[in-house]
Amino acid sequence: MLDSKYVRTNPEEVADKLKKRGYTLDIESIKALEERRRGIQSSTEALQQERNARSKGIGQAKAKGEDIAPLLAEVENLKAQLTDAEAALTEVQSELDAVLAGVPNIPAEEVPDGLSEEDNVEIRRWGEPRAFDFDVKDHVEIGAQLGGLDFEVATKLTGARFAVMRGDIARLHRALIQFMLDVHQNEHGYEEVYVPFIVNKDSLYGTGQLPKFEEDLFKLNDDRDFYLIPTAEVPVTNLLRDEILDAKANLPMKLVCHTPCFRSEAGSHGRDTRGMIRQHQFEKVELVQFVRPEQSDAALDSLLDNAEAILKKLELPFRTVILCGGDIGFSAAKTYDIEVWIPSQAKYREISSCSSFRDFQARRMKARFRNPETNKVELLHTLNGSGLAIGRTLLAVLENYQQADGSVKVPTVLQPYLGGKTQLG
RNA sequence: GGAAGGGUGGCAGAGUGGUCGAAUGCACCGGUCUUGAAAACCGGCGAUGUGCGAGCAUCCGUGGGUUCAAAUCCCACCCCUUCCGCCA
């Protein structure tokens, strides 16, 4: 959420900055609501002040043993007025909150203009896509040939967009998870955390999935309003919801977390229907950082480095793009996508998305710290990024490491996790 | 699932319906002392909203209710602890 004071004192400026996203801020309705709020709030507070003063007077009179009956008569209709005023205030405030809760984050200065994926700007490439001297297969074919990657049986078990892995492929999948967790802990200074895969509405509101994007989520049939997590970002970031870290807290706080992710993919019908690019359930190793505001730009760069490091170690070619205004997510101020080379598509495809949310999520969550210099409470900045999406990494390994005979070499760094195996099949 | 107790400031922990936004301790910030640090002592120190500001308002798990007045009384819900039962 944006700072409401900033939005209502500079609505034109905010609207202008949001244009980069292709978002139109309804300045007029915000101004009108704000004006109503101001009036109702001040009259309500005046009534409250009077009630408080009178009540105090009654208490004092009573303590002195005076007759309070006339005083009671004076306040008779105050109560009804207050009830009405408070109800009106609650209503206008929740209307205003609802409007503000639906306004996306302001893109960072350096975010390029543009309204779609086409306008994202490549900032670097690493590695050289391999030249194959045979016809490349896609991971579905490779998996079928090796045995152990089965989409059809998953359809029987559940439906479309699920996979079953067995044997070496299941083990390779698990190896990727262990490998990434180890690297981020041992080399990048993240602390591992394990969290619930089911969260409540408050958590989803905190990170910005609710109220606007409910259709992307799997909701449990349970009267407690529980949802399956779409990413570890939700539980991990919400660890600090409603918290004030004390002055000596050691920031930045860097956490790494492996979870499954569940996405309804509503609105993606027909897209990436083959293989494991786009599944309802996939594993992901997520990096989350909580930092002091002045550190957040540097933190995003380092988080991006940490994610790229995994691809470098796996020797998978990739490119990194900065998303344009029209393509960044609702809560993000700035996002880099890392795209890995997919031989069967002869394209780079997203494998990680690293974002800075600045204080947008922190404000929704009330995630704060006490600044030791000023001794004042300030909002933290939050960041996160995939480090990496496991299903897509598995896919990339299978395709990039495939051999003419249908076998697949095991990347050097993963061999220890596979009992020393150097190839599958 | 049954029984009992409890949710109060960054933490711990008081609080007969009426100057209680809340004692006290710890932590934190400033200072005195000290070569320096520690200790000791003195002072300060909740959050949010609103206003230039003095201030005013709101907040004691959440939501309702009673009352002129609620941290305090009533109801519902959530969560925690202990005991019993069940259980991976």
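Below, read A as the first sequence line, B as the second, and so on, with proteins coming before strands; counting in each chain starts at 1.
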- Message: Whole angstroms only, please: what is the CG-C1' distance between A/Asn52 and B/C56?
- Response: 10 Å
- Query: Can you give the dot-bracket line for RNA chain B, where a pair is Watson-Crick or G-U wobble with both atom distances under 3.5 Å, crossing pairs use [ ], and | marks a partner on another strand?
  - Reply: ((((((((.[[[..)..(.....]]].(((((.......))))).(((((....))))).[[[[[..)....]]]]])))))))....
- Using atom CG of A/Asn375 as one end and atom C1' of B/G44 as the other, report the distance to the nearest whole Å. 10 Å
- State yes or no: are the ring centers of A/Phe357 and A/His381 separated by less than 6.0 Å? no
- Note on the structure: Taking B/A47, B/U58, B/G49 as options, the one with an atom nearest any side-chain atom of A/Gln48 is B/U58
- Message: Counting only side-chain nitrogens and oxygens, does A/Arg38 get under 4.0 Å of the OP1 or OP2 atom of B/G51?
- Response: yes
- Write down the distance between CG (A/Leu47) and P (B/C56), rounded to a whole number of angstrom. 16 Å
- All heavy atoms of A/Leu149 vs all of A/Met276, minimum pair found to be CD1-SD, 4.1 Å
- Within the distance-only criterion (no hydrogens, no angle test), does the side chain of A/Arg37 pair as donor or acceptor with the backbone N or O of A/Val92 below 3.5 angstrom? no
- Interatomic distance where CG belongs to A/Asp223 and P belongs to B/A76 [whole Å]: 18 Å
- Task: Measure centre to centre between the rings of A/His280 and A/Phe218, then say whether the value is under 6.0 Å.
- Result: yes
- Would you check, one step at a time, whether the test ring-ring contact (aromatic ring centres under 6.0 Å, His included) holds for A/Phe330 with A/Phe360? CA-CA 10 Å; A/Phe330 176 79; A/Phe360 188 87; 5.6 Å; yes
- Query: How long is the line joining CG of A/Asp202 and C1' of B/G61, in whole Å?
  - Reply: 12 Å
- Query: Tell me: NZ of A/Lys366 to P of B/U48, nearest whole Å?
  - Reply: 10 Å
- Distance from A/Gln279 atom CD to A/Leu395 atom CG, nearest 0.5 Å? 9.5 Å
- Query: In whole Å, what is the span from the CD atom of A/Gln60 to the C1' atom of B/C20?
  - Reply: 14 Å
- Classify the side-chain pair A/Gln361/A/Glu233 by whether it contains a donor and acceptor separated by less than 3.5 Å. yes
- Check step by step if salt bridge (charged side-chain N to carboxylate O under 4.0 Å, His left out) holds for A/Lys201 and A/Glu214. CA-CA 10 Å; A/Lys201 279 193 149 168; A/Glu214 179 161 21; 5.3 Å; no
- Expressed in whole Å, how much space separates the P atoms belonging to B/G9 and B/U48? 15 Å
- Note on the structure: A/Glu86 atom CD is separated from B/G64 atom P, nearest whole Å, by 11 Å
Between the protein and nucleotides 65-71 of chain B, which nitrogen or oxygen pairs come in under 3.5 angstrom?
| residue | atom | partner | partner atom | Å |
| --- | --- | --- | --- | --- |
| B/U67 | OP2 | A/Lys79 | NZ | 3.4 |
| B/C68 | O2' | A/Ser55 | OG | 3.2 |
| B/A69 | O4' | A/Ser55 | OG | 3.0 |

- Note on the structure: Taking for A/Arg368 and for A/Lys5 the nucleotide of RNA chain B with the nearest heavy atom, the one nearer the 5' end belongs to A/Arg368
- Query: Using a cut-off of 4.0 Å on non-hydrogen atoms, how would the nucleic acid contact of A/Arg363 be classed: base, sugar-phosphate, or nothing?
  - Reply: nothing
- Query: Checking all strands, does A/Glu243 fall into the base, sugar-phosphate, or nothing category for heavy-atom contacts under 4.0 angstrom?
  - Reply: nothing
- Task: For A/Arg349 and A/Ile342, indicate whether the former's side chain and the latter's backbone hold a donor-acceptor pair under 3.5 Å.
- Result: no
- Message: Is the phosphate of B/C29 approached by A/Arg370 (side-chain N or O, under 4.0 Å from OP1 or OP2)?
- Response: no
- Message: Between B/G36 and B/A47, how many Å separate the two C1' atoms, rounded to a whole number?
- Response: 38 Å
- Query: Roughly how far, to the nearest 0.5 Å, is the CG atom of A/Leu204 from the OH atom of A/Tyr227?
  - Reply: 7.0 Å
- Take atom C1' in B/C20 and the same atom in B/A71, then report the distance between them in whole Å. 9 Å
- Task: Determine the interatomic distance between C1' on B/A23 and the same-named atom on B/U16; round to the nearest Å.
- Result: 15 Å
- Task: Taking salt bridge (Lys or Arg N to Asp or Glu O under 4.0 Å) as the test, write out the residues that go with A/Glu339, two or more places apart.
- Result: A/Arg319
- Can you tell me how far P in B/G55 sits from the matching atom in B/A4, rounded to whole Å? 49 Å
- Quantified in whole Å, what is the C1' atom distance between nucleotide B/U58 and nucleotide B/G51? 15 Å
- What distance, rounded to whole Å, do you find between the two C1' atoms, one in B/A57 and one in B/G61? 22 Å
- Return the 5'-most residue of the pair A/Val377, A/Ala53 with respect to RNA chain B, ranking by each residue's nearest nucleotide. A/Val377
- Inter-nucleotide C1' distance (B/C45, B/C28), Å rounded: 8 Å
